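Count residues from 1 along the sequence. Whatever order the structure lists them in is the order used to number ligands and atoms, beginning at 1. Since this is a predicted model, take the numbers as computed values, not measurements.
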Amino acid sequence: MDLSFHYRSLINSLRTEFHEQPDLAIVLGSGFGVLIDSLNIIRSIPYSNFEGYPQTTVEGHKGVLHLAQQSGKKILIFEGRNHFYEGHPIEDTILNVLITRFLGIKNLLITNAAGGINQYFKPGDLMLIKDFSYLQLKKEMSELIGQITHEQKNNFAGMPSPELNQKLEEAALKEAIPLRYGVYWYVKGPNYETPAEIQMIKRLGGDAVGMSSASEAVMANLWNINVAGISCITNFAAGLSPQKLSHDEVKETANMTAVNISKLVNRFIELL
Ligand code: HPA
């Protein structure tokens, strides 16, 4: 599929609106919207103002594009993403990355809420993503990518950018924020996992589980965009605590972690 053709009028209008080439794009996950308050926002435009921009339906994903100016850098922020579990076609789930590419932005920070699997993780922790597993999306992604060249295949190695991860680690150190480190395990959703599934993912090497981000990271790699990801551990994954999982808990924990998230991202922008 020729994605640039599919979204051509949307991309053209975004190019007109955001002609100043930002240094960084950030995709905000559930509950990360609070980060907006800590940034120097110069422009905010709802996705609905752009014809052809698919609408977000999940609570906590507002659907607003922001431009911020911070520490001498310009940052484009996607407040809200489209998930596969909402029924969006796979191409809509990576639209934010496609826009990042066509605006010529070289760095992408992905954020998300995730359930903690690693026994040392607890709600409120921030996890730097060491790698992604997207087994459940392999089929959809291969259809999306179509005929990739051998050269492009090489881009799948080592997903998160070591340089950006190092800057996130440095930012965390400077802000005295403990940072976990682990594998983000993508699941399709829309329902949370069963305890048995969590045990399986644990044995296979997953440290945290979530329903987004993996497709974004794959495409960023393919298009040579430096990508890094931060998960907010919002809950113990299914079966690891007696508490029933809920989207409200996910949002609440992400909100409680807001101060740390904001400090980390602000310092990261400074170091970029
Ligand atoms: N599972 C899947 N996705 C999630 C979770 C979870 O436990 N928490 C936040 N997003």
Side-chain angles (χ1 to χ4, degrees), residues 26-35 56-63 78-88 90 92-94 96 109-138 140-141 179-218 228-258 260-261 264:
I26 306 179
V27 181
L28 297 184
S30 290
F32 278 74
V34 282
L35 175 65
T56 51
T57 64
V58 181
E59 229 190 294
H61 288 263
K62 260 193 182 164
F78 298 91
E79 189 179 7
R81 58 158 64 89
N82 296 301
H83 303 82
F84 199 59
Y85 68 76
E86 292 170 78
H88 287 291
I90 189 73
D92 284 357
T93 71
I94 53 97
N96 296 344
L109 178 64
I110 293 171
T111 64
N112 56 52
I117 298 179
N118 185 308
Q119 60 176 327
Y120 299 108
F121 292 3
K122 58 181 187 323
D125 282 350
L126 292 179
M127 180 187 91
L128 180 60
I129 299 177
K130 181 165 72 173
D131 205 349
F132 292 88
S133 162
Y134 65 106
L135 286 175
Q136 282 201 333
L137 268 186
K138 284 268 191 267
E140 288 78 6
M141 293 308 290
L179 208 54
R180 307 294 183 187
Y181 203 46
V183 172
Y184 177 92
W185 199 278
Y186 172 84
V187 286
K188 252 183 200 167
N191 50 323
Y192 289 113
E193 306 67 49
T194 66
E197 286 161 357
I198 291 299
Q199 288 308 314
M200 180 195 79
I201 296 171
K202 184 175 183 171
R203 286 191 176 89
L204 293 176
D207 295 293
V209 61
M211 302 177 198
S212 69
S213 305
S215 52
E216 296 166 349
V218 174
I230 294 282
S231 295
C232 174
I233 305 298
T234 50
N235 54 283
F236 291 107
L240 301 183
S241 97
Q243 206 175 327
K244 203 165 179 281
L245 299 191
S246 76
H247 189 56
D248 285 343
E249 183 196 357
V250 167
K251 279 188 300 166
E252 256 167 50
T253 314
N255 278 326
M256 269 164 34
T257 320
N260 277 352
I261 293 168
L264 180 70

(request) Could you see which bit of Ala238 sits under 4.0 Å from ligand 1, with heavy atoms only: side chain, backbone, both or neither? (result) neither
(message) Suppose we measure from atom 5 (C) of ligand 1 to each protein heavy atom; which comes out shortest, and what is that distance?
(response) Gly115 N, 3.4 Å
(message) Counting only heavy atoms from other residues, nucleotides and ligands, does the tally under 6.0 Å from NZ of Lys244 exceed 12?
(response) no
(request) Apply the side chain to side chain donor-acceptor pair (under 3.5 Å) test between Ser231 and each candidate in Asp125, Thr111, Asp207, Asn112; give the one that qualifies. (result) Asn112
(message) Suppose I only count heavy atoms of Leu245 and a 4.0 Å limit; which atoms of ligand 1 are within that range?
(response) 7 (O)
(request) Go through Val34 and Ile261 one step at a time and tell me if the side-chain contact (heavy atoms from CB on, under 4.5 Å) criterion holds. (result) CA-CA 9 Å; Val34 282; Ile261 293 168; 5.7 Å; no
(request) Give the numbers and elements of all ligand 1 atoms closer than 4.0 Å to a heavy atom of Thr234. (result) 8 (N), 9 (C)
(request) Please answer whether the main-chain N or O of Trp185 pairs with a side-chain N or O of Ser133 as donor and acceptor at a distance below 3.5 Å. (result) no
(request) Please work out whether any backbone atom (N, CA, C, O) or any side-chain heavy atom from C-beta onward of Val209 is under 4.0 Å from ligand 1, and answer side chain, backbone, both or neither. (result) both
(message) What protein heavy atom lies closest to atom 10 (N) of ligand 1? Include the residue and the distance to one decimal.
(response) Ala113 O, 3.4 Å
(request) For atom 1 (N) of ligand 1, find the nearest protein heavy atom and state the residue, atom name and distance (0.1 Å precision). (result) Glu193 OE1, 2.9 Å
(message) Suppose we measure from atom 3 (N) of ligand 1 to each protein heavy atom; which comes out shortest, and what is that distance?
(response) Gly210 CA, 3.4 Å
(request) Around atom 7 (O) of ligand 1, find the nearest protein heavy atom and jot down its residue, atom name and distance. (result) Asn235 ND2, 3.0 Å
(message) With a 3.5 Å distance limit and no angle check, can you tell me whether Glu193 reaches the backbone of Ile198 through a side-chain donor-acceptor pair?
(response) no
(request) Starting at OG1 of Thr93, measure out to CE of Met141 and round the result to the nearest 0.5 Å. (result) 6.5 Å
(message) I'd like to know if the side chain of Tyr85 and the backbone of Ser212 have a donor-acceptor N/O pair within less than 3.5 Å.
(response) no
